[in-house]
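Inspection log for the structure reproduced underneath, given as structure tokens.
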Amino acid sequence: MARRRRQRPGPFDYSRKLSLQMVFVLATIFLYAPIIVLIIFSFNDSRRGGNVIWRGFTTDYYVKAANNASLIEAFTNSLTIAVISTIFSVILGAITAVVLWRWRFPLKPGFEGLVALPIVIPEICLGVAVAVFFSYFGLYVPPGTPWPFNLTNIIIAHITFSFPFAAMVIRTRLQSFNREMEEAAKDLGATEFQVFRDVILPHLKPGLIAGGLLAFTLSLDDFVITFFTSGPDTVTFPVKVYSMVRFSVTPEINAASTVLILITLVLTAIAMRYQSFGDDRQ
Amino acid sequence: MTQTPIISIRNVTKRFGSFTALEDISIDIRPGEIFALLGPSGCGKSTLLRIIAGFETPTEGDILIDGKDMTEVPPNKRPVNMVFQSYAVFPHMSVADNVAYGLKMDKLPAAEIKTKVAEALKQVHLSEFSHRMPDQLSGGQRQRVALARALVKRPRVLLLDEPLSALDAKLRDAMRLELVKLQQTVGVSFIMVTHDQSEALAMADRIAVLDQGRLRQLADPVTLYRKPADAFVADFIGRVNLFEVTAHEPGSTTATVASLGEIALAAAAAYPEGEALVLAVRPEHIRLTAGEGPGVPATLGDVAFQGDSSIVEVTLADGRSVQVLEDAAESARLMQLDPGAIVTLEIDWTKAAILRRSAL
């Protein structure tokens, strides 16, 4: 019986090379260890001061976080801002993507660059710019405006930086659209609107979901730009966490963060599931 | 044979910037025929099909369908339907929904749509697949969805853009017959675009040969093969050996032909002196015999075996290669010979044709 000769592993055949396996393990540890530690210490029964020594298991801090009215308010604000700015980002992003894909017009390359600008500009500059813009033109929503209209400034700022990401993702999806599909629909009697509704939109669905998810997470964890546009009665979760951490890192923050991670994970899972359904595997 | 044309293409010219895709094309499509637009890639055949469908507007000229000017009518309002090269089956709709789409656009009652879809799917043998999604179908099945989707609208003319090019060779041959059968059942005129001359010859009732935006010849397949209008058509349709006529004059019974020398060619005398002519000889009109003899001497080259026949390549004294078609028995004898053996060509001069280099 001839012994099967083992093929030499290829350069990136990581499952068979010890060195690459080590790189893989280390990379995974560096990426996920902090998150895992965060989650573990949200159950730490530490009294006060630094939350660095394990003192026993408790879920008290989840209860405490849930009863912390200002934390819950910040949390609700963040979610509200994220949902509203995501809806607007996806709509604006889809319109931008379709316009850039569909039509030729003068200065199109310049327009494309402008759309991508918020992606490359340092966040701190955008934050200052948005703050200056609002105060210069007197566009700050006056204090005491009822919820959720007091969040308008933050929502506008979030749409500004997150819609280009949505536009990028949706545009990439459009690139794979077969123009004959559009012509076929027209040939069968569809109007421009019907073509968009029946053929282009279903093709775009995975892009819309992915773009929306991106906009949502960007909005949810944005600190810098929000910091410049939020007032005392419009605190978001990241801003609140920042102010809490300045006193001490309590397991309460860990607990709240864990809940946030969980929400993000669930949303991502849902989005990915939808995406694989909407995808045409041709 | 003066039926009223179902589609009239009248003096259509299409320019893209400085590039002329189509130049002064006039064609009438008859009811119930399979019409092929044939030509090499970039000849303008697809552009012409898209003009008929309404996706392009002609720079000059008109398109008439049933005598009505359609030049300004958008594609969704034209009584023609198209089968696209990529089939363009909607991936997010089931087979039945794909076929029903055009009827829904026409706002037909649901019950009528249902019966029509069922009927159309039966016609293309896809009844059992009505609930499948397109990604669960093979290429041939997807094409039949595209066919059913277009035919269910009862178009005046069905347009097919390279209908068989995306299929593998075996399926392609089967689909040729099936398409012709389908056309006979539904009785709708087909206009198909193809670059494959054998496809056009096998399927079409009439063929328009296009080259560089111009109509070279419009004829039935037999005429096209036997009486090509010029050297381009002869070369494009089937195999042919073209010899340049280097000297001829009116009234003379002979002419000088490249590689063959001065030969008896009375037909050349019909053309004015100086007109660029070629002598076209089909491979099946040449016989090969081993050894020397009366005829054109040559040396044997490759024998390309095709089963029932072979294409034999021979080289003339001046190095020019000539293709000869031989039947199975003869090619078996020739394959016994060494490559480079001396052979003699006997050309059937009654079948050889004198053609103008270009009819334009």
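In this text the structure is predicted, and so the values were computed from the model without any measurement. Order of the sequence lines sets the chain letters (A, B, ...), proteins ahead of strands, with each chain counted from 1.
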What option among B/Gly102, B/Pro155, B/Ala146 has the most heavy-atom pairs under 4.5 Å with chain A?
B/Gly102
Interface residue of largest heavy-atom contact number with chain A, from B/Arg78, B/Met133, B/Lys77, B/Lys153, under 4.5 Å
B/Lys153
So B/Phe55 and B/Phe84, would you call those rings parallel, tilted or perpendicular, with 30° and 60° as cut-offs?
tilted
For B/Phe90, is the NZ or CZ atom of B/Arg149 found under 6.0 angstrom from the centre of its six-membered ring and inside 45 degrees of the ring axis?
yes
With a cut-off of 3.5 Å and sequence neighbours excluded, list every side-chain donor-acceptor pair involving residues 107-127 of chain B.
unit_1, atom_1, unit_2, atom_2, d
B/Thr115, OG1, B/Ala111, O, 3.4
B/Thr115, OG1, B/Glu112, O, 2.9

Contact class of A/Asp187 relative to chain B, heavy atoms under 4.5 angstrom:
both
Run A/Gln175 and A/Thr172 through side chain to side chain donor-acceptor pair (under 3.5 Å) and show every step you take.
CA-CA 5 Å; A/Gln175 227 96 59; A/Thr172 313; 5.4 Å; no
